[in-house]
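Order of the sequence lines fixes the chain letters, A, B, ..., with proteins taken first and strands second; residue numbering starts at 1 for each chain.
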Amino acid sequence: MAYWLMKSEPDEISIDDVLALPSIPWFGVRNYQARNFMRDGMRIGDGVLFYHSSCAEPGIAGLAEVASTAYPDHTQFEKDSKYFDPKATQETPRWMMVDVKAKRKTRLLSLAELRTYPELADMTVLQKGSRLSITPVKPDEWRFIQKLLKEKV
DNA sequence: GCCAACGTTGGC
DNA sequence: GCCAACGTTGGC
């Protein structure tokens with residue numbers, strides 16, 4: 001069992017949007033490192049911190065889980081999609097995605113708050129210049145965040 | 001809107 | 001394989 005942090009722009013897809021559906025396909029990832037995490041690392045049932053980015057209050061907004069293993073992202077083949085990739089073919093797809101199922105909304109653990117905890121100082125998402133939309137979360141970090149969500153409401 | 005940091009592309 | 005130029009991310 002592994003843990004992940006996945007960024008989404010709430011203007012596009014928020015935790016509320018995902019909660020309203022059984023699961024959603026995580027389309028649109030166009031970064032090799034993030035793709036490899038989905039393709040090589042993610043397994044059904046892995047824990048996900050749902051992070052809102054590029055918004056007024058960036059931070060962790062909910063808990064989710066991985067609901068499928070990786071499969072080709074269909075938007076890479078769609079000419080009209082902003083995620084279209086002319087170099088991808090059906091035979092050799094370049095981009096993959098997984099399904100994500102929301103579990104619940106949490107209080108907003110803002111980026112500013114996350115930065116105050118020494119226990120989380122090594123979190124990838126908190127590192128300077130970190131832009132990856134999908135990052136692994138260490139078990140210690142996951143546990144600390146679960147504890148935070150129980151203790152401080 | 002600014003801009004630092006990082007990733008990708010392509011000429012050589 | 002190097003690296004400059006360019007594009008993107010995302011906090012502020």
Integer-rounded Å distance: C/dG11 P and A/E9 CD: 9 Å
Parallel, tilted or perpendicular, as decided by the 30° and 60° cut-offs, for the rings of A/Y83 and A/F27: perpendicular
Protein-nucleotide distance (A/E57, atom CD; C/dG11, atom P), rounded to Å: 12 Å
Sequence-distant partners of A/R131, side chain to side chain donor-acceptor pair (under 3.5 Å), two or more places apart: none
Salt bridge (Lys or Arg N to Asp or Glu O under 4.0 Å) partners for A/E91, two or more places apart: none
Integer-rounded Å distance: C/dT9 P and A/D11 CG: 14 Å
Geometric class of the A/W95/A/Y32 ring pair [parallel <30°, tilted 30-60°, perpendicular >60°]: tilted
Of residues 46-55 of chain A, the positions that come close to DNA chain C - non-hydrogen atoms, cut-off under 4.0 Å: A/Y51, A/S53, A/S54
Partner set under side-chain contact (heavy atoms from CB on, under 4.5 Å) for A/D122, not counting sequence neighbours: A/K138, A/E141
A/Y32 OH - C/dT9 C1' separation (whole Å): 17 Å
Pairs involving residues 18-44 of chain A, ordered by first then second residue, that meet salt bridge (charged side-chain N to carboxylate O under 4.0 Å, His left out) (sequence neighbours left out): A/R30-A/D73
Set of side-chain contact (heavy atoms from CB on, under 4.5 Å) partners for A/Q90, sequence neighbours left out: A/F77
side-chain contact (heavy atoms from CB on, under 4.5 Å) partners of A/E119, counting only residues at least two apart: A/Y117, A/F144
5' priority, DNA chain B, between A/G129 and A/K87 [closest heavy atom]: A/G129
Side chain to side chain donor-acceptor pair (under 3.5 Å) partners of A/N31, counting only residues at least two apart: none
Side-chain N or O of A/K7 closer than 4.0 Å to phosphate OP1/OP2 of C/dT9: no
Pull out every protein N or O sitting under 3.5 Å from an N or O of nucleotides 4-8 of chain C, one pair per line with the distance.
residue: C/dT8; atom: O2; partner: A/R131; partner atom: NH1; Å: 2.4

A/R115 CZ to C/dG10 C1', straight-line distance once rounded to whole Å: 11 Å
Nucleotide C/dG11, atom P - distance to CD1 of A/I60 in whole Å: 12 Å
